[in-house]
Each structure stands twice: as structure tokens, then as C-alpha cells.
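Accompanying notes for the structure given below.
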Amino acid sequence: MAYIKNISHEEVLHLTDQISADKGQIVSKTLAQNDHVSVTLFAFSKDEEIATHDSTGDAMVLVLEGIGQFTVDGKEYILQAGDTLVMPAKKPHSVYAKEDFKWLLTVVFPS
């Protein structure tokens, strides 16, 4: 049984090659999801966004390519490839693509 889905196993991959978004799109690919954790790969085209919302779990982002703006509880963070940010549970946050960008989201939920 595979716990990680929608991606090849036992193969060296570049996550940035696993997803893409055309102009005006946000694309997501769920890699794992259960009651305790969610792992999702995202691709945003420039100027796309996800409006302010919150989560019951801590959300950790890893930017893989491009530049994104994450706003957490009113504070803006500009992240580029290689940067990581943890957005604490129950704090309002949003995401905006300053340019085309790809990122990995891992959410860990309370047990």
C-alpha cells in the first residue's frame, strides 16, 4: 500500500517538474492526505492568489521555484526558492504569486 500518491516511487525526481500552471491558473496535486497530515504540491501563475483563510493544523510551506507572498495574521513574508515558512494553526493566512511560483505545503493536524 502506498501512502504517498500521484508521484513516482523509487525514482529521483524534481518536484518542480511534477506540476505546472498556465496563465490564470492555480494547480494543486495532493501527494498525501489523512487525519494527521496533508502534503500538497502547488503551482501558481503570476498574480493568482488564495484568499485569507485558516487551518486547524500547522502549515509549513517550502518554495521550490519563483517568488510568493504569504501573509500570516496580517504580516507579509516574501519567499523565494529554498525558503520555508511555518504558518501556525488557527492564524489567518493568504497566498499571492508575485511571479509564477511552485511550492510544497505540508499541514500537520492535531491528533
Side-chain angles (χ1 to χ4, degrees):
M1 173 180 204
Y3 299 106
I4 296 177
K5 60 185 181 178
N6 298 323
I7 194 167
S8 297
H9 289 211
E10 297 186 57
E11 180 180 339
V12 177
L13 305 167
H14 288 274
L15 286 177
T16 56
D17 294 339
Q18 303 304 304
I19 194 165
S20 63
D22 291 330
K23 184 176 172 92
Q25 288 186 326
I26 294 174
V27 177
S28 66
K29 181 187 278 192
T30 301
L31 303 181
Q33 188 163 14
N34 60 42
D35 291 340
H36 305 288
V37 68
S38 173
V39 180
T40 308
L41 189 57
F42 283 95
F44 280 47
S45 66
K46 184 181 192 287
D47 294 327
E48 292 302 311
E49 63 186 317
I50 294 177
T52 302
H53 61 286
D54 65 17
S55 172
T56 58
D58 286 342
M60 183 175 72
V61 302
L62 169 61
V63 174
L64 304 169
E65 183 177 281
I67 299 175
Q69 174 182 306
F70 294 82
T71 303
V72 182
D73 208 18
K75 184 173 180 184
E76 292 181 1
Y77 300 87
I78 305 299
L79 280 72
Q80 56 190 334
D83 291 342
T84 298
L85 175 68
V86 175
M87 301 181 291
K90 300 181 183 173
K91 286 206 174 183
H93 56 272
S94 61
V95 185
Y96 172 75
K98 294 188 81 63
E99 61 182 47
D100 291 353
F101 90 115
K102 298 177 183 182
W103 54 291
L104 184 68
L105 173 66
T106 303
V107 183
V108 179
F109 298 99
S111 31

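Below, each value reflects all heavy atoms present in this structure, side chains not excepted, and no hydrogens, waters or symmetry copies.
Counting heavy atoms of neighbouring residues, nucleotides and ligands inside a 6.0 Å radius, atom NZ of Lys98 does not exceed 12 of them. Heavy atoms of other residues, nucleotides or ligands lying less than 6.0 angstrom from CD1 of Ile4 number 12 at most. A 6.0 Å sphere centred on NE2 of His53 holds more than 12 heavy atoms belonging to other residues, nucleotides or ligands. For NZ of Lys5, the number of neighbouring non-hydrogen atoms (other residues, nucleotides, ligands) closer than 6.0 Å is greater than 12.
Linking ILVMFWY side-chain heavy atoms closer than 4.5 Å, directly or via other members, places Val107 and Leu31 in two distinct hydrophobic clusters. Linking ILVMFWY residues whenever their side-chain heavy atoms come closer than 4.5 Å, directly or via other members, places Leu62 and Val39 in the same cluster. Note on Ile7: it clusters hydrophobically with Val27, by side-chain heavy-atom contacts below 4.5 Å among ILVMFWY residues.
Contact detail for Ser45 and Ala21: the closest heavy-atom pair is N-CB, 4.0 Å. In terms of heavy atoms, Ser38 sits closest to Phe109 at CB-CE1, 3.9 Å. Scanning both residues, Val72 and Pro88, for their nearest heavy atoms gives CG1-CD, 4.2 Å. Here the shortest heavy-atom pairing between Val63 and Leu79 reads CG2-CB, 3.6 Å. The two residues Gln18 and Leu13 have their closest heavy-atom pair at NE2-CD2, 3.9 Å. Here the shortest heavy-atom pairing between Thr106 and Val37 reads CG2-CG2, 4.1 Å.
Taking the six-membered ring where the residue is Trp, the centroids of Phe70 and Tyr77 are separated by 6.0 Å or more.
For the atom pair Asn6 CG and Thr30 OG1, the distance stands at 7.0 Å (nearest 0.5 Å). Between atom CD1 of residue Ile19 and atom CD of residue Glu65 there is a gap of 11.5 Å, rounded to the nearest 0.5 Å. With rounding to the nearest 0.5 Å, the separation of CD in Glu48 from OH in Tyr96 is 9.0 Å. Rounded to the nearest 0.5 angstrom, Thr52 OG1 and Lys91 NZ are separated by 14.0 Å. Summarising the geometry, atom NZ belonging to Lys102 is positioned 11.5 Å from atom NE2 belonging to His14; distances are rounded to the nearest 0.5 Å. Taken from OG1 in Thr56 to NZ in Lys90, the straight-line distance is 7.5 Å, to the nearest 0.5 Å.
Ring orientation note: the planes of Trp103 and Phe42 are close to parallel, at an angle under 30° on the 30°/60° scale.
Residues Met87 and Ser55 are not in side-chain contact: their nearest non-hydrogen atoms beyond the backbone lie 4.5 Å or more apart. Residues Val95 and Ile26 form no side-chain contact, since every pair of their non-hydrogen atoms from C-beta on lies 4.5 Å or further apart. Looking at Asp100 and Ser20, their side chains never come closer than 4.5 Å, going by heavy atoms from C-beta outward. Contact of the Ile50 side chain with the Phe44 side chain is registered, since non-hydrogen atoms from C-beta on lie closer than 4.5 Å.
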Verdict with reasoning, Leu64 to Leu41, per side-chain contact (heavy atoms from CB on, under 4.5 Å): CA-CA 10 Å; Leu64 304 169; Leu41 189 57; 3.5 Å; yes
